[in-house]
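Beneath this line is the structure, given in structure tokens, with notes to follow.
Keep in mind it's a predicted model, so treat the numbers as computed, not measured. Each chain gets a letter, A, B and so on, in the order the sequences are listed, and its residues count up from 1.
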There are 2 protein chains.
Amino acid sequence: MVSRAGLSQEAVVDAALELVDQDGLDALTLAAVANRTGVATPSLYKHVRNLAALRQLIALRVLDELTERLGAAAMGRSEEDAIRALMLAYRQYAAERPHRYAALPQKPQPDAALAAAGGRLVEVFLAVLRGYGLTDSAAIHATRCVRAAVHGFVALEVAGGFGLPEKLDVTYENLIDMVSGGLRTGTFT
Amino acid sequence: MVSRAGLSQEAVVDAALELVDQDGLDALTLAAVANRTGVATPSLYKHVRNLAALRQLIALRVLDELTERLGAAAMGRSEEDAIRALMLAYRQYAAERPHRYAALPQKPQPDAALAAAGGRLVEVFLAVLRGYGLTDSAAIHATRCVRAAVHGFVALEVAGGFGLPEKLDVTYENLIDMVSGGLRTGTFT
DNA sequence: GCTAGAAAGCTAATGCAGTTAGCTGGAGTT
DNA sequence: AACTCCAGCTAACTGCATTAGCTTTCTAGC
């Protein structure tokens, strides 16, 4: 069935994710992945176009993983309850897998699969916001605001952008209040 | 006065910033900086410890530049007026210099100068929030929330994380409303 | 003015990572 | 049993960061 090491694109991405989890994003090198999969570096090119492509595959995985988590968290809840669950789950994912979260692309990627995954993520937010009775355009603006708040907090937290780490839970509760308050009382254009 | 090319750490950072502005963060390479300053690559080590150090110097510059802009924008304003000006100036900086904004560190940096610069940035936010009569701890939480919202939006925008770029101005106005509404009515612990 | 020393620059060389080219051997097929 | 395909390999090249050691030039002090 499979020749030698039984490698596949999936297995390569798996190994790359382990590497990222353990040693951070900067440690993601084809040599390291090859080493971890017990293969010579050039052999990886049989499964992955190049390093950039591997990074995109990773981003795709992370995005889908996050989307799944958020969907599960929001399921069966509505309105503020759902928003709160969504935001908590989001932060929790980044806390559990900070390096994976950091692996999300920081620059515009022209990748179609990635864009689709981003769309799926947005869909989860939109689904939750429908409970607020927001019309199409308003829902989009509201979604962006929620995403901005959540991503901003998490990104700053992961990057060590906040001083004291003790009270971050409290800050996040405040942020949740701010967001859900804004959704309740705010006027979205 | 100065030996040959009249280089200095400042000049190296200047050249590096030009490079980043023009070609993006990935284009920041010692070879490229050397080329731009008319010097052989190893000569740069006379002014900068290594590439990582250069990156930190760049981050420092950007952080201070941003802080200065925000301070100027908030000056003479108070409460919602000031918050609005602050948020608009923040986004405008990132829009003008997206690559510089992206050059801010994404990972915890143990650099003291960088931490100090971060502290100065936070000070501007805190100064504005004092107008809301927030006590110490509450002011810190509120500041973090504002920063999270602003940074999240800007980071997503710079990264192309939003679909349609047309209505982003509108979204940002909504975000400003959400934040200032939260500051007005919210209870910060 | 002259000379010593520090500073700034250079060339040479090393190591590592990504990538390409071309070979090879085993698995599945006919 | 011969054929074909493909995963994996070795060899080789490139670009970049970094170090070592030499040369030149400016400055300071005599």
I'd like a table of atom pairs between the protein and nucleotides 11-14 of chain D - only N or O on both sides, under 3.5 Å - with the distance next to each one.
none

Check: B:Phe188 main-chain N/O paired with B:His141 side-chain donor or acceptor under 3.5 Å: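 Checking the backbone N and O of B:Phe188 against the side chain of B:His141, no donor-acceptor pair under 3.5 Å is found.
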Any donor-acceptor N or O pair under 3.5 Å, side chains B:Tyr172, B:Glu157: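 Side chains of B:Tyr172 and B:Glu157: no pair found under 3.5 Å.
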Polar side chain donor-acceptor pair, A:Thr67 to A:Arg120, under 3.5 angstrom: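 No, no side-chain donor-acceptor contact under 3.5 Å.
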Side-chain contact test, heavy atoms from C-beta onward, threshold under 4.5 Å: evaluate it for [X] versus [Y] and give yes or no.
{"X": "A:Ile83", "Y": "A:Leu129", "value": "yes"}
{"X": "A:Tyr90", "Y": "A:Phe153", "value": "no"}
{"X": "B:Gln92", "Y": "B:Arg97", "value": "no"}

Rounded to the Å, how far apart are [X] [atom1] and [N] [atom2]?
{"X": "A:Lys46", "N": "D:dA7", "atom1": "NZ", "atom2": "C1'", "value": "6 Å"}
{"X": "A:Leu7", "N": "D:dC6", "atom1": "CG", "atom2": "P", "value": "16 Å"}
{"X": "A:Leu54", "N": "C:dT19", "atom1": "CG", "atom2": "P", "value": "10 Å"}
{"X": "A:Gln9", "N": "D:dA7", "atom1": "CD", "atom2": "C1'", "value": "15 Å"}
{"X": "B:Leu44", "N": "C:dT11", "atom1": "CG", "atom2": "P", "value": "13 Å"}

Sorted by number, the residues of residues 10-25 of chain A with heavy-atom contact under 4.0 Å to DNA chain D: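 Close to the strand, none.
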What pairs of nitrogen or oxygen atoms, one from the protein and one from nucleotides 16-18 of chain C, lie under 3.5 Å apart?
residue	atom	partner	partner atom	Å
C:dA17	O3'	A:Thr29	OG1	3.1
C:dG18	OP1	A:Thr29	OG1	3.3
C:dG18	OP1	A:Leu30	N	3.3
C:dG18	OP2	A:Thr29	OG1	2.7
C:dG18	OP2	A:Leu30	N	2.9
C:dG18	OP2	A:Ala31	N	3.3

Sequence neighbours excluded and cut-off under 3.5 Å, please list the side-chain donor-acceptor pairs for residues 39-55 of chain A, or say none.
residue	atom	partner	partner atom	Å
A:Ser43	OG	A:Ala40	O	3.3
A:Asn50	OD1	A:Ala52	N	3.2
A:Asn50	OD1	A:Ala53	N	2.9

With A:Glu18, the salt bridge (charged side-chain N to carboxylate O under 4.0 Å, His left out) member among A:Arg100, A:Arg61, A:Arg36: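 Exactly one candidate clears the test, A:Arg36.
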With sequence neighbours excluded, residues passing ring-ring contact (aromatic ring centres under 6.0 Å, His included) with B:Tyr132: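 Counting only residues at least two positions away or on another chain, B:Tyr132 forms no ring-ring contact (aromatic ring centres under 6.0 Å, His included).
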Contact under 4.0 Å: B:His47 side-chain N or O vs C:dA7 OP1/OP2: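 Result: no.
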Under-4.0 Å side-chain N/O to phosphate OP1/OP2 contact, B:Ser43 with C:dA8: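 Answer no for this pair, as no side-chain N or O of B:Ser43 is under 4.0 Å from OP1 or OP2.
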ILVMFWY cluster, A:Leu30 and A:Leu19 together (side-chain gap under 4.5 Å):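 In one cluster with A:Leu30: A:Leu19, yes.
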Could you list the donor-acceptor pairs under 3.5 angstrom formed between side-chain atoms of residues 173-184 of chain B and any protein atom two or more places apart in sequence or on another chain?
residue	atom	partner	partner atom	Å
B:Glu173	OE1	B:Arg84	NH1	2.6
B:Glu173	OE2	B:Arg84	NH1	3.3
B:Glu173	OE2	B:Arg84	NH2	3.4
B:Ser180	OG	B:Ile176	O	3.1
B:Ser180	OG	B:Asp177	O	3.4
B:Arg184	NE	B:Glu80	OE2	2.5
B:Arg184	NH2	B:Glu80	OE2	3.0

